[in-house]
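First comes the structure, then the notes that go with it.
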There are 2 protein chains.
Amino acid sequence: MNLNDIHSPKDIKNLDLSQLKELSAQLRDSLLTKLSRHGGHIGPNLGVVELTVALHRVFDAPKDKLVFDVSHQSYVHKMLTGRIEAFTVPAHYDDVTGYTCPRESEYDLFEIGHTSTSVSLATGLAKARDLQGGNENVIAIIGDGSLSGGEAFEGLDFGAELGSNFIVVVNDNDMSIAENHGGLYENLRQLRETDGKCETNYFRSLGYDYRFVPYGNDIESLIAALTEVKGIDHPIVVHVATQKGKGYAPAEEHREQFHYGAPFDIPTGNPLNISQRANYADIFADYMLDRMKKDNTVVTITAGTPSVIGFTPDRRIEAGRQFVDVGIAEEQAVAMLSGLAKGGAKPVFGVASTFIQRAYDQISQDLCINSNPGVITIFYGSVFGMNDMTHLGFFDISLLSNIPNLVYLAPTCKEEYIAMLGWAIDQNEHPVVVRVPDMAVIETNREYPTDYSDLNKNVVERKGSRIAIIGVGSFLPLASQATDILATKGIEATLINPRFLSGLDTDLLTSLLDDHETVITLEDGIIDGGYGQKVASFYGNTNMKVLNRGLRKKFLDRYNANEIVTECHLTPELIAADAIATLG
Amino acid sequence: MNLNDIHSPKDIKNLDLSQLKELSAQLRDSLLTKLSRHGGHIGPNLGVVELTVALHRVFDAPKDKLVFDVSHQSYVHKMLTGRIEAFTVPAHYDDVTGYTCPRESEYDLFEIGHTSTSVSLATGLAKARDLQGGNENVIAIIGDGSLSGGEAFEGLDFGAELGSNFIVVVNDNDMSIAENHGGLYENLRQLRETDGKCETNYFRSLGYDYRFVPYGNDIESLIAALTEVKGIDHPIVVHVATQKGKGYAPAEEHREQFHYGAPFDIPTGNPLNISQRANYADIFADYMLDRMKKDNTVVTITAGTPSVIGFTPDRRIEAGRQFVDVGIAEEQAVAMLSGLAKGGAKPVFGVASTFIQRAYDQISQDLCINSNPGVITIFYGSVFGMNDMTHLGFFDISLLSNIPNLVYLAPTCKEEYIAMLGWAIDQNEHPVVVRVPDMAVIETNREYPTDYSDLNKNVVERKGSRIAIIGVGSFLPLASQATDILATKGIEATLINPRFLSGLDTDLLTSLLDDHETVITLEDGIIDGGYGQKVASFYGNTNMKVLNRGLRKKFLDRYNANEIVTECHLTPELIAADAIATLG
């Protein structure tokens with residue numbers, strides 16, 4: 001059949017088994033072609049071709065409701081629900097996002113991108129159905145990796161009490177992004193190895209009925225299993241063993257590498273473009289490996305994203321027991337960080353800005369109320385970071401700079417990052433967060449202090465008058481360029497690196513009143529709740545003009561970062577122009 | 001023996017069984033006496049008298065490390081670790097906090113107050129021990145109610161992988177604050193009923209070794225079980241069945257009521273002072289019951305704290321299936337809220353300010369990125385709320401007002417609260433948070449609009465000039481009193497109720513520039529990241545003076561709220577004086 005004839009799941013309802021197998025082969029082929037040219041989540045989608053076909057064959061979406069966890073594995077779902085051209089016609093590749101998207105289709109129920117949310121969201125759909133007397137099936141599809149997240153447990157635990165139709169399909173490919181971590185995975189292995197029959201069964205312990213499907217890439221088995229549970233009147237887990245990367249040998253063999261990738265060469269699996277640029281993941285990992293070798297109490301923690309922080313498989317082996325992956329469990333990572341620090345270790349948790357959002361209370365309560373000297377370092381905290389709506393990296397300053405006791409450092413270049421990270425690890429007074437000045441690595445070859453215990457002390461890079469520009473972290477070079485432009489217009493502006501986001505250098509800010517009219521703050525984060533607004537508040541009862549520049553309080557999706565910063569007047573020219581416009 | 005001779009656990013190491021039983025009776029007696037006069041967590045502590053005695057008899061704290069979940073059940077632990085007078089001598093009752101407190105004693109490892117954190121914190125201690133070659137026992141003591149929290153699952157899941165001494169004592173009294181919710185509790189019941197032998201075992205499924213202690217209030221059993229696991233070389237769960245309120249009949253019988261209580265009469269169990277004051281819990285619950293009766297798609301959600309939101313056992317019965325308690329699982333509550341709204345229901349999640357901190361990412365991702373019209377209403381959001389360090393209620397404005405798409409309403413009195421709550425439930429455009437103007441209920445007998453869809457429109461209560469005072473939520477009366485004082489000094493100030501915390505009324509604020517010199521903002525929350533700083537930022541490039549008044553970015557403990565507000569210049573006199581001082 002012609003893939004492009006599939007406009008909705010109706011078009012596969014009458015296919016016989018051999019046609020469904022052929023369909024799966026074609027889908028897989030198109031996926032490979034698109035992803036090899038375009039990049040995306042390769043392994044996860046190849047692994048669920050048959051499962052997705054079976055789901056749409058058996059269930060009747062959109063009346064029946066499918067919720068994909070993370071939803072990075074929803075490409076085949078999109079192909080079957082009216083968006084086939086986005087996978088078969090290069091000009092339409094970007095018609096779809098990389099995650100489920102209600103804006104595209106009624107078959108997609110939620111914008112999702114963080115992990116472990118599907119079961120909880122689905123409990124809401126199920127409860128709403130029950131209140132209104134509906135009879136549709138509600139199905140959550142969650143990978144084994146996502147089960148390590150506390151929210152998934154909360155969803156499963158509550159879902160069992162629904163007492164009505166609630167189907168949780170566990171897509172078990174025995175992988176997270178990297179290998180799984182957590183005691184649960186031993187149970188999943190036992191279940192896989194005993195055809196689902198072993199007595200100890202995590203899902204049954206939470207009150208679920210349970211079915212095991214050993215051949216999760218066999219269409220016939222899947223259809224039989226899903227048909228059996230369709231219309232069921234109680235909560236059930238359908239545990240499906242699939243193979244990540246199925247159908248493409250390099251992805252089957254190199255499962256971590258092919259979780260998500262840039263364009264690649266199909267015959268070999270090699271990336272088309274090898275990035276040789278320096279990046280902070282490598283810088284961080286090499287620095288930590290060195291520290292860990294010198295001191296066996298130094299620990300690096302990740303919550304399921306080792307490569308984000310540079311810990312490739314080789315580096316993980318090198319670090320040995322001083323590298324800890326807690327699974328996709330950021331709350332555990334932060335609380336453990338606090339316990340490690342209390343116990344005399346020197347722990348560092350490396351995490352992307354978007355994911356630290358999942359541990360606010362643990363940072364506030366477990367770590368900061370206790371003032372335990374754990375260190376967190378934030379990657380991808382930038383408008384130039386990941387640009388899809390569920391992975392934005394510009395909320396962490398607002399989130400973290402308002403927690404008492406937390407020292408939030410914003411280095412401006414590689415050398416300053418290493419200096420601050422080093423101090424953070426060595427000191428034992430404060431919980432410290434160090435924001436990686438993502439994305440481009442800037443080296444200044446300057447020396448930076450090794451001691452940051454004199455909290456909130458800013459650095460004046462250039463002493464001028466009339467206008468002061470405060471450039472936070474990665475935006476210091478931007479501030480510097482604006483200062484250069486002002487100089488061409490005869491204004492020697494003051495350039496400041498604040499270094500600390502968690503408090504103000506009140507002495508310095510007060511001293512600026514003597515000979516400055518205007519202060520402009522620049523931050524790679526939303527203005528609301530951020531650093532600049534604290535400066536505006538400080539100067540509220542004075543004649544100092546304050547311009548706060550940063551991002552707007554909006555969820556952006558697949559945006560062009562350069563366009564956004566221009567709209568926000570975060571270019572040297574516009575900063576200079578806005579500053580001049582304030583002068584009396 | 002004389003209780004006051006207990007200065008440390010050493011003093012109980014050589015007691016024989018009958019002496020330990022007598023000790024337990026004396027401890028229980030002193031507890032009852034103190035709590036009947038002083039109030040506190042009654043049932044939880046009565047239930048763990050024997051368990052705590054056994055822990056300190058068998059283990060060797062402080063070398064062996066005990067981490068109590070929530071730590072509201074740590075009174076007996078304090079009695080045995082050098083703080084007995086705080087429980088036997090009325091003048092010393094307040095020498096100790098209601099939770100573990102490192103500032104008091106080295107036997108207390110963490111300041112704790114939120115739920116489900118003990119296992120994760122303990123994994124950090126255990127890992128630190130292993131890295132440094134230590135051999136102490138690490139023991140987390142967690143109640144069955146706390147197991148519903150995702151962080152507890154993450155801790156258990158990771159702890160199983162430690163491969164070294166890690167003891168989790170599950171104190172199972174078959175109660176949360178109210179009854180338990182979640183499929184897990186059926187498994188706990190099966191385990192209790194089969195002497196721990198049933199095949200389906202949640203703890204074993206996560207990889208733990210497992211022991212069951214059926215008589216958790218029998219010292220001899222407890223000592224035997226704990227002695228068996230002392231020095232163990234792998235992770236194990238010791239599942240102990242205890243009776244909440246043990247030893248005091250009213251507490252055994254009325255387990256929800258005696259979870260936490262004010263002073264009471266020992267013979268009857270009746271509270272000494274019945275509060276007749278109106279409170280928002282009753283107002284909310286009565287309003288929701290009425291709404292739920294009229295529309296079977298209206299749902300009230302709690303995460304394990306039904307009485308905080310007024311849903312007493314009677315009201316819960318009345319609400320039937322339209323009242324949902326997800327257990328102590330705030331992430332589930334918020335994600336479910338989003339799913340319910342998507343599915344066509346009208347859900348409202350009532351939660352204390354301190355606990356909404358646990359669901360930031362779910363509010364941001366699950367709810368707000370999806371713009372699903374779920375409603376959250378925040379209780380105890382005030383400096384006048386709970387005043388212990390781990391239950392502070394003044395961070396929610398900073399936390400939530402900076403999330404895109406979220407409409408955060410701050411009503412100023414009972415009538416406005418009901419009006420806003422009603423609109424929030426009826427509309428279907430936005431996720432809405434309504435901040436209860438806690439603590440005292442003010443009724444104005446005024447009518448308020450039923451439509452708040454014109455976002456960010458403030459209300460000018462009094463039109464004046466020179467000075468404008470913006471009073472957020474419960475601080476509007478304060479602002480009004482300050483305005484009265486200014487009037488006596490010949491200044492007719494403008495009084496504004498902003499109503500919306502998530503955005504500014506830019507038209508109004510701009511219009512104030514015509515005839516005002518100063519704007520003062522008052523909020524019952526920390527200034528950093530809050531509402532007032534947005535106003536300061538807005539006026540940054542103008543001549544308007546802005547004073548932001550609110551709380552400092554500090555964790556306070558057992559503070560006097562009136563002293564704090566005075567220090568923060570949040571009194572009518574000081575607000576008026578500060579305003580006048582800004583005038584040219």
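To find a chain, count down the sequence lines: A is the first, B the second, and so on, and within it residues start at 1. Every heavy atom of this structure was used, including side-chain atoms; hydrogens, water molecules and symmetry mates were not.
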Item to complete: List the steps, then state whether side chain to side chain donor-acceptor pair (under 3.5 Å) holds for B:Ser148 with A:Asp157.
Response: CA-CA 7 Å; B:Ser148 63; A:Asp157 189 35; 5.2 Å; no

Item to complete: Evaluate side chain to side chain donor-acceptor pair (under 3.5 Å) for B:Asn405 paired with A:Lys553, printing each intermediate quantity in order.
Response: CA-CA 9 Å; B:Asn405 299 348; A:Lys553 190 175 79 171; over 6 Å; no

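Within the 4.5 angstrom heavy-atom criterion, no atom of A:Thr521 approaches chain B. With a threshold of 4.5 angstrom between heavy atoms, B:Leu547 approaches chain A through side-chain atoms but not through N, CA, C or O. With a 4.5 Å cut-off on non-hydrogen atoms, A:Leu125 touches chain B through its backbone and its side chain both. Only the backbone of B:Thr542 comes within less than 4.5 Å of a heavy atom of chain A; no side-chain atom from C-beta onward does. Residue A:Cys198 does not touch chain B at all, counting heavy-atom pairs closer than 4.5 Å. Looking at A:Gln362, the atoms closer than 4.5 Å to chain B (heavy atoms on both sides) all sit in the side chain, from C-beta outward. B:Glu151 touches chain A through backbone and side chain together, each having a heavy atom under 4.5 Å away. With a threshold of 4.5 angstrom between heavy atoms, A:Val324 approaches chain B through side-chain atoms but not through N, CA, C or O. Using a 4.5 Å cut-off between heavy atoms, B:Leu147 contacts chain A through its backbone alone, with no side-chain atom that close.
A salt bridge links A:Asp578 to A:Arg549: one of the charged nitrogens lies within less than 4.0 Å of a carboxylate oxygen. Under a 4.0 Å N-O distance rule, the pair A:Glu331/B:Arg358 does not qualify as a salt bridge.
Ring geometry, B:Phe355 versus B:His391: the interplanar angle exceeds 60°, so the pair is classed perpendicular (tilted spans 30 to 60°).
Annotation for A:Ala126 and A:Phe166: closest pair CB-CD1, 3.9 Å, computed over non-hydrogen atoms. Residue B:Pro235 comes nearest to B:Gly159 through the heavy atom pair CG-O, 3.4 Å, listed as atom of the first residue, atom of the second, then distance.
Ranked by non-hydrogen atom pairs under 4.5 Å with chain A, the options B:Asn201, B:Leu109, B:Leu191, B:Asn370 are led by B:Asn370. Your options are A:Gln365, A:Glu111, A:Glu186, A:Lys545, and the one with the most heavy-atom pairs under 4.5 Å with chain B is A:Gln365. Most heavy-atom pairs under 4.5 Å with chain A: of the set B:Ala160, B:Ala122, B:Gly149, this distinction falls to B:Gly149. Top candidate by heavy-atom pairs under 4.5 Å with chain A, chosen from B:Gln190, B:His114, B:Lys554, B:His181, is B:His114. Per-residue heavy-atom pair counts under 4.5 Å with chain A were compared for B:Asp528, B:Val535, B:Thr518, and the maximum is reached by B:Asp528. Each of B:Ser205, B:Gly134, B:Gly530, B:Gly532 has some count of heavy-atom pairs under 4.5 Å with chain A, and the biggest count is that of B:Ser205. The greatest number of non-hydrogen atom pairs below 4.5 Å with chain A, out of B:Thr297, B:Thr200, B:Leu206, B:Leu188, is found for B:Leu206.
One N or O on the side chain of B:Tyr208 and one on the backbone of B:Leu156 form a donor-acceptor pair closer than 3.5 Å. Side chain of B:Asn372 to main chain of B:Lys342: no donor-acceptor pair is present (N/O by atom type, distance under 3.5 Å, no hydrogens or angles).
Listed by chain and number, the residues in a side-chain hydrogen bond (donor to acceptor under 3.5 Å, both in side chains) with B:Ser120 are A:Gln332 (sequence neighbours excluded).
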